[in-house]
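This report refers to the structure that appears directly beneath it.
We count ligands from 1, going down the list as the structure has it; atoms in each ligand are counted the same way.
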Amino acid sequence: MLNEILNKSLETGDLTREEILRLLAITDPDEKSRLTETSNAVREKYCGAEVYLRGLIEFSDHCRRNCNYCGVRAGNTCAHRYRIPPDEIVKTAKGIAENTPIKTVVLQSGEDLWYTKDILADIIRRIKSETDLAVTLGVGEREYDEYKAWREAGADRFLLRHEAANRELYKSLHPDSDYDNRMNCLRQLRELGYQVGAGAMVGAPGQTLEHIADDIEFYKTFKPDMIGIGPFISHPDTPYKGAASGTAELTLNVVAVTRIVTRTALLPATTAIGSIDPMGREKALMAGADVMMPNYTPYEYRAMYEIYPDKKCFTEAVDHNLSDAIARIRSVGRVFKGGYGHARRLDK
Ligand code: 5AD
């Protein structure tokens, strides 16, 4: 039975829901290595050996939302809040362009309306005119005219994890957000010509394998260009304090199955999986991932962006994150060439 599913996986990503669930449920070590050998072979065939790097700037941790899992939720009065001034964001992006081989900057924040349509458009325009970087935004749910203005200012990509394809699970994780609005935002971003990223945590409270299968089926239909998958990590200053965190094991199954069904999606080896397992990112690269996101948030702000505790990006020098990422890429026999790593549907 497993053999048949894995052989089919090499030939086509068109797995049935039962087959998806069978793969997600794998715990036996031997079956596990057969699964990741398969997803790794699919990655090799459809994506090649290159791993793409994205320089991450977490520019604000102010947030208007109250997602139950997240350390920067509005209701967390213990969080230290910061906003990086626009000039400093542009300067940090220029530093990435001038001093590193990285070709993408990711501007990520909580849902912070201080950065208005015009302020953020201006930041994007300056980065696009003063550097050759691709710009990825990750600023949450905003209005269509804002998404449009930022796209016109030159933003290339947008990350908006869908967080849960299952409506009921989405609701229980997000007391003050609306499932339909989130899905609508994803469609709007696509319509505006962004390369679009979705994704979800693994092991969030209440999440079952059926819910994860819903996520995987959503990837099959929506076809995101990028998909972020990391374990849920319990944060003490949230309603989910004391809850069990997700495991690296299940997260790797999800990465593997996502690679198999999507074939070409860009999949990061996330900081979150590196935070719960010191070898987590290497294991993710071996299970189908092909992107890493070294942190370039200026050091004085970095400890404050605490969506989950003990985030693994606190190395002494900013530059260490780059050499560290490249060393990890090489250690698993992969290559870093410094390509843009645009959505693969744009390759032709
Ligand atoms: N553990 C793991 N991931 C988290 N995120 C937010 N809070 C946590 C947490 N406690 C993820 C969400 C969000 C992304 C930026 O980080 O999926 O979209």
Report yes or no: does E44 contribute a side-chain atom to a donor-acceptor pair with the main-chain N or O of N40 at less than 3.5 Å?
no
Let's go through N253 and I212 carefully: what are the C-alpha distance in whole Å and the side-chain angles of both, what is the deciding distance for side-chain contact (heavy atoms from CB on, under 4.5 Å) to 0.1 Å, and is it a yes or a no?
CA-CA 10 Å; N253 286 3; I212 299 174; over 6 Å; no
Within-cut-off N or O pair, S234 and ligand 1, under 3.5 Å
no
Could you tell me the residue and atom name of the protein heavy atom closest to atom 7 (N) of ligand 1, and the distance to it rounded to 0.1 Å?
Y69 CD1, 3.3 Å
shortest atom 5 (N) of ligand 1-to-protein heavy-atom contact is with M201 SD, 3.8 Å
re atom 14 (C) of ligand 1, the protein heavy-atom contact at minimum distance is R161 NH1, 4.0 Å
Taking 4.0 angstrom as the limit and counting only heavy atoms of F232, give me the atoms of ligand 1 inside it, by number and element.
1 (N), 2 (C)
Top protein contact for atom 17 (O) of ligand 1, by heavy-atom distance:
E163 OE1, 2.8 Å
Which of these, V106, I96, I102, sits in a side-chain contact (heavy atoms from CB on, under 4.5 Å) with L56?
V106
Among all protein heavy atoms, pick out the one at the shortest distance from atom 2 (C) of ligand 1; state its residue, atom name and that distance to 0.1 Å.
P231 O, 3.2 Å
Between Y147 and W150, what is the ring plane arrangement, given parallel below 30°, perpendicular above 60°, and tilted in between?
perpendicular
Could you tell me whether the side chain of N321 and the main chain of N295 form a donor-acceptor pair under 3.5 Å?
yes
Counting only heavy atoms, tell me which of L160, T271, I276, I307 gets closest to atom 16 (O) of ligand 1.
I307
Verify the distance criterion only: is there a donor paired with an acceptor across the side chains of Y69 and H174 at less than 3.5 Å?
yes
Polar contact flag for H235 and ligand 1 (N/O pairs, less than 3.5 Å):
no
At what distance is the nearest protein heavy atom to atom 10 (N) of ligand 1, and which residue and atom is it?
I233 O, 2.8 Å
Do NZ/NE/NH1/NH2 and the carboxylate oxygens of D290 and R334 come within less than 4.0 Å?
no
